[in-house]
Enquirer: 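Here it is, the structure, as structure tokens.
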Amino acid sequence: MFRSKAAVIGTGFIGPVHIEGLLRAGVGVQGVLGSSFAKSRATQAKFGLPIAYADLDELLADPEVNVVHITSPNPVSYTHLTLPTIYSV
């Protein structure tokens, strides 16, 4: 049976809300990417996630991830939205 694994971009207010919702819905959350590695690590530890991503390239290269929730602020989200087209995610 296919099982989705998500990654979440953003560790501010709404990122953790998405992580909680995904976990409650039974969706696996592979990892999180924050604006700094320290923020990624803190959120990873808080939710017990497998990976704290250091950068977007690392997240996009993770073969376990098949859905990405982009919860970063709007000016930054545009960059996150356009880069995956290069990777064919």
Side-chain angles (χ1 to χ4, degrees):
M1 179 173 143
F2 176 78
R3 193 163 146 82
S4 292
K5 278 207 178 171
V8 174
I9 298 174
T11 58
F13 174 76
I14 200 68
V17 172
H18 278 246
I19 294 170
E20 287 178 6
L22 288 163
L23 293 173
R24 287 181 185 178
V27 176
V29 180
Q30 179 73 358
V32 62
L33 173 63
S35 59
S36 70
F37 187 61
K39 290 180 180 182
S40 297
R41 292 284 300 195
T43 304
Q44 173 203 23
K46 178 179 179 180
F47 291 99
L49 304 177
I51 298 175
Y53 298 105
D55 56 41
L56 185 60
D57 290 331
E58 182 183 6
L59 184 156
L60 294 174
D62 188 340
E64 295 294 315
V65 173
N66 50 35
V67 62
V68 178
H69 283 229
I70 301 173
T71 68
S72 54
N74 289 342
V76 179
S77 292
Y78 179 77
T79 303
H80 293 146
L81 286 168
T82 56
L83 282 176
T85 60
I86 297 167
Y87 292 90
S88 298
V89 172

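Sequence positions, counted from 1, serve as the residue numbers for this chain.
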Enquirer: Quick check: closest heavy atoms across T71 and G10, and the distance to 0.1 Å?
Expert: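 The answer is OG1-CA, 3.5 Å.
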Enquirer: Taking distance alone, no hydrogens or angles, what donor-acceptor pairs closer than 3.5 Å link side-chain atoms of residues 11-31 to residues at least two apart or in another chain?
Expert:
residue : atom : partner : partner atom : Å
H18     : ND1  : H69     : ND1          : 2.8
Q30     : NE2  : D62     : OD2          : 3.4

Enquirer: Show me the donor-acceptor pairs within less than 3.5 Å that the side chains of residues 35-44 make with the rest of the protein, sequence neighbours left out.
Expert:
residue : atom : partner : partner atom : Å
S36     : OG   : K39     : N            : 3.2
S40     : OG   : G34     : N            : 2.7
S40     : OG   : S36     : O            : 3.3
S40     : OG   : Y53     : O            : 3.0
T43     : OG1  : K39     : O            : 3.1
Q44     : NE2  : L49     : O            : 3.2
Q44     : NE2  : P50     : O            : 3.2

Enquirer: Going hydrophobic residue to hydrophobic residue with side-chain gaps under 4.5 angstrom, can you get from L33 over to I51?
Expert: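 Yes, L33 and I51 fall within the same hydrophobic cluster.
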Enquirer: Can you see which heavy atom on S4 is nearest to which on N66, and at what distance?
Expert: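 Reported closest heavy-atom pair: CA-OD1, 3.6 Å.
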Enquirer: Nearest 0.5 Å, what's the CD1-CG distance between I9 and L60?
Expert: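 One gets 7.0 Å once the value is rounded to the nearest 0.5 Å.
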Enquirer: Tell me whether V32 shares a hydrophobic cluster with F47, the cluster being built from Ile, Leu, Val, Met, Phe, Trp, Tyr side chains joined at under 4.5 Å.
Expert: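 As far as the 4.5 Å side-chain criterion goes, F47 and V32 are connected within one cluster.
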